[in-house]
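The next block holds one structure in the form of structure tokens; read it before the comments.
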Amino acid sequence: MDRISTYVSRKSGSFPSFMARKSEIYLPVSTKPQPKFRVKALLGHCLYRRVVIWTVVIIILLSFTLFNPRITARSRDVFDLVHGSKGETKTTPQISENIGLQKQDGQEDRIPELVGEKPEDEVKEQEEEEKEKEKEKQKEEDNSKGPHWLRYKHLDGYYNGLRALVPFSAYKPEYPKPSPTGQDAEPSPITLHSKPPKPSVYRPHPDYDSEEYQQAYVPVKRCYIDEDNQIPAPDLYAYNGVPQGQPKAALGSYEALGLREDVCFDRFGRYGPYGLGYDLEAGGTGEALDTEHEGSETVWEKTGKINYDGVDWAAAQERCYKANEDRFFTGNETRDFELAQAGRQRLDRIAIVIRIYVGFQWTSHALLNFRAMINELSLRSGGEYDVHFLLHVRDNNAPIWADPSTVQSILDVNVPPEFHGLCTLWSEAQMKLYYPGNFGETFENPSNGDIHGVYRSAHMPLQHFAMMHPEYAHFWNWEMDMRWTGSYYELFDRLGKWGAKQSRQGMWERSSKYYIPGLHGSWENFTELVEHETRSSGKRPILGPVVFTGKAGLEDGDVFLPSSCATGSDMTQCGVGEDADLITLNPLFDADESGWVFAGDVTGYDKQYQKPPRRCAIVTASRLSRRLLRVMHEETWRLHHSMFSEMFPPSMALHHGLKAVYAPHPVYLDRDWPQQEIENAFNGGRDHTSGGHGSPFDLTNEHNHKGTSWYYNSEFAGLLWRRWLGYAQMDGRGKNGGRAGEGTKRGGQKEEENPKNSGRLCLRSMLVHPIKWENPAEQD
């Protein structure tokens, strides 16, 4: 019934109201005058007279029965025995004994009504309805008080800097608060160092020079930035410890993913090796010259300030790969089978595909970020990763696939020379040639966009790119306005390894929830909780491909379940060791009835049936395997199926039984949320998940993400990032609770240099998104 209401409301151009009565759509509209009530007709006919008399008699008998103390007392006794008195549970023999007493009084026909006996399913359904009503009532009360995040105080520990650094063993977070009864009830006072500590080289890569590594793998040859092999790929720097009082992540976990949380990064240790902190004449960016910089010179002691003028990153990547190509599988199945059988272990190669567009603003900070990605992922790893830019050309008349001079002129105008060789151009006109034909009807199209447009089908150019590059086993779909404060290699490497360790048993169910360590405990506890919730829901866990009316199979009839999932196997090990086909950075939620605005943007399926089952992960950033992209490619060109950009890859993995996981990376909140309220807000959907009715991705609920460090409309992410970069800005502490442009101006050189303050910020590795501007001069 809800689906029909949703469909009707959205077809009429408005969003559905889930508070509307479900029955209203089916009620006939009558304009016929209703007859008046006539007392004379009622009393003037013998039939009506008999009806009135018997009605009065029945009312009198019922009143006598209901208000007879003897009967009502006994009915209460029986009710108490069934449900327990004062919270106590009564046993079945006691119930039977008292029911027998009622029969002796000749009241056996009334006992079911008095006791309230109902079929178990009906009782459970009634209890669920009551819970839903109570939940809705509480939600209405909460909404009347304003958004949740307005009720909690701001957290200040994020802005504790390097002079407040302590060893991780002595670290006590401002949030979440420790137990009030424990020894750590009150956080320790923050002691400031007179000078900031010194950073050290941070290398999350394997020890390529160790005997252990070289016995197992092909040795790694060192890579350089310049053609003459004089400038080795630089290291980044980190500080051992964390500023005292810095909050912990509220969502996700370092420990679960294998990320280090006992170190932090300042702006110079992170970006100094790539041109931050020195001027253009020396080959830097000129950024951070007007910020506090005490002790920053440490990061250039070994390498000096690298001059990035004239660097060609595509050539540097290619040289690095060629020097190390024996380490990797090739993408040729026959050759790769031979390599797997002989000698040392080989590795798959992975592409990082960053989506940019004509007109993108290449700021100094964008240069720093992309240099860091190329250096840490490609050069420092001996060619394990390659970085590419997928450049969207908006002029559909530009012959980008036919005329090299057109391509070069577009690059000259839109991309810095150091990145030219990493760019692959594409246009929507090209996608129409690559995926031609009639895509059929669309269930809903709220954006009114074209099916080949980047907004609705950003996956199309990525599919095409994957088909053109068989040398890569996986492809990270990345956006240009995302930042990671730590090493990119550590992030992508640990996410990939974590995904391979995950069992397929309960995979979709775990991935549908936010992991809240402060409430759920360890990852093992979380796994058990999800299993319990799944059993309680009465739904069968998803394992393998799903079947639905109107589903079409693949040409090759591929089955993607590994042998570890075969009948008779230990299902806890099903899929363990298998690379994930999809790794997302937000939960894979059930889009049906979720209130997410694009949940019905489904194209090419037979509309005489219901929409196919769908999963979605907000923010397109994700890792997709070659085989998932091949499935998506076939569904697009042969079956003419498509869905909104953030929904298509997860839904194809669901339909065809590929391995898909949500990686619970650390996400921070800007306010002091109670742990249970985080659960209520972020896992408030169907069966305690992030999907279905009550989803946090519903238009009415998305505001809760604005105070997180990772979401497409986050306001906290940009505020924290710019403070970390050393720029003064409004702190978002205004009376209206807003985070953009309100409050008091904080941060900046003067505040960070004040000896009474803790110095420049030092953050643990974290993803922040979106970063729309960095230097305040860029804001306009």
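Starting from 1, each residue takes its place in the sequence as its number.
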Practice prompt. Give a yes or no on whether the backbone of M766 and the side-chain of T485 come within a donor-acceptor separation of less than 3.5 Å.
Written response: yes
Item to complete: Could you tell me whether the side chains of E702 and N713 share a donor-acceptor contact shorter than 3.5 Å?
Response: no
Discussion item. For a 4.5 angstrom cut-off between non-hydrogen side-chain atoms, does D493 reach P204?
Written reply: no
Practice prompt. Kindly write out the residues that satisfy disulfide bond (SG atoms under 2.5 Å apart) with C223, not counting sequence neighbours, or none if the list is empty.
Written response: C320
Worksheet item: Within 45° of the six-membered ring axis of Y472 and under 6.0 Å from that ring's centre, is NZ or CZ of R349 located there?
Response: no
Worksheet, complete the sentence: ring-ring contact (aromatic ring centres under 6.0 Å, His included) test vs W426 passes for just one of H464, H392, H388, namely H392
Worksheet item: With a cut-off of under 6.0 Å to the ring centre and 45° to the axis, is R327 in cation-pi contact with Y208?
Response: yes
Discussion item. One pair to check against side-chain contact (heavy atoms from CB on, under 4.5 Å): R615 and M647. What are the steps and the verdict?
Written reply: CA-CA 6 Å; R615 294 296 183 272; M647 190 160 56; over 6 Å; no
Worksheet item: Regarding Y515 and N683, is there a side-chain donor-to-acceptor distance under 3.5 Å anywhere?
Response: no
Discussion item. Can you confirm if the aromatic rings of W478 and F492 lie within a centre distance of less than 6.0 Å?
Written reply: yes
Practice prompt. Could you name each residue pair satisfying salt bridge (Lys or Arg N to Asp or Glu O under 4.0 Å) that touches residues 352-371, not counting sequence neighbours?
Written response: R371-E418
Fill in: Polar side chain donor-acceptor pair, Y202 to D235, under 3.5 angstrom
no
Discussion item. Run the side-chain contact (heavy atoms from CB on, under 4.5 Å) test on N324 and V220 for me, step by step, so that the C-alpha distance in whole Å, both residues' side-chain angles and the decisive distance to 0.1 Å come before the verdict.
Written reply: CA-CA 6 Å; N324 291 282; V220 178; 3.8 Å; yes
Practice prompt. Return yes if some donor-acceptor pair links the side-chain N/O of S765 with the main-chain N/O of G486 below 3.5 Å, else return no.
Written response: no
Worksheet entry | Any side-chain heavy-atom pair of H420 and W313 under 4.5 Å | no
Discussion item. Within the 4.5 Å heavy-atom criterion, are S457 and S642 side-chain neighbours or not?
Written reply: yes
Fill in: Positive for side-chain contact (heavy atoms from CB on, under 4.5 Å) with F465, one of Q463, H469, M467
H469
Worksheet item: Would H705 and F697 count as a close aromatic pair, with their ring centres under 6.0 Å?
Response: yes
Worksheet item: When the ring centroid of W596 is compared with that of F644, is the distance short of 6.0 Å?
Response: yes
Fill in: Side-chain donor or acceptor of R483 paired with backbone N/O of M480 under 3.5 Å
yes
Item to complete: Verify the ring-centre separation between F589 and W508: is it less than 6.0 angstrom?
Response: no
Item to complete: Taking atom types as modelled, find out whether H656 and E635 have a side-chain donor-acceptor pair closer than 3.5 angstrom.
Response: yes
Worksheet item: Do Y385 and Y321 have ring centroids that are under 6.0 Å from one another?
Response: no
Fill in: Lys NZ or Arg CZ of R722 over W773 ring: under 6.0 Å, within 45°
yes
Worksheet item: Under 6.0 Å between ring centres, would you say that holds for F389 and F419?
Response: yes
Practice prompt. Report the residue from E646, H459, E479 that forms a side chain to side chain donor-acceptor pair (under 3.5 Å) with T620.
Written response: E479
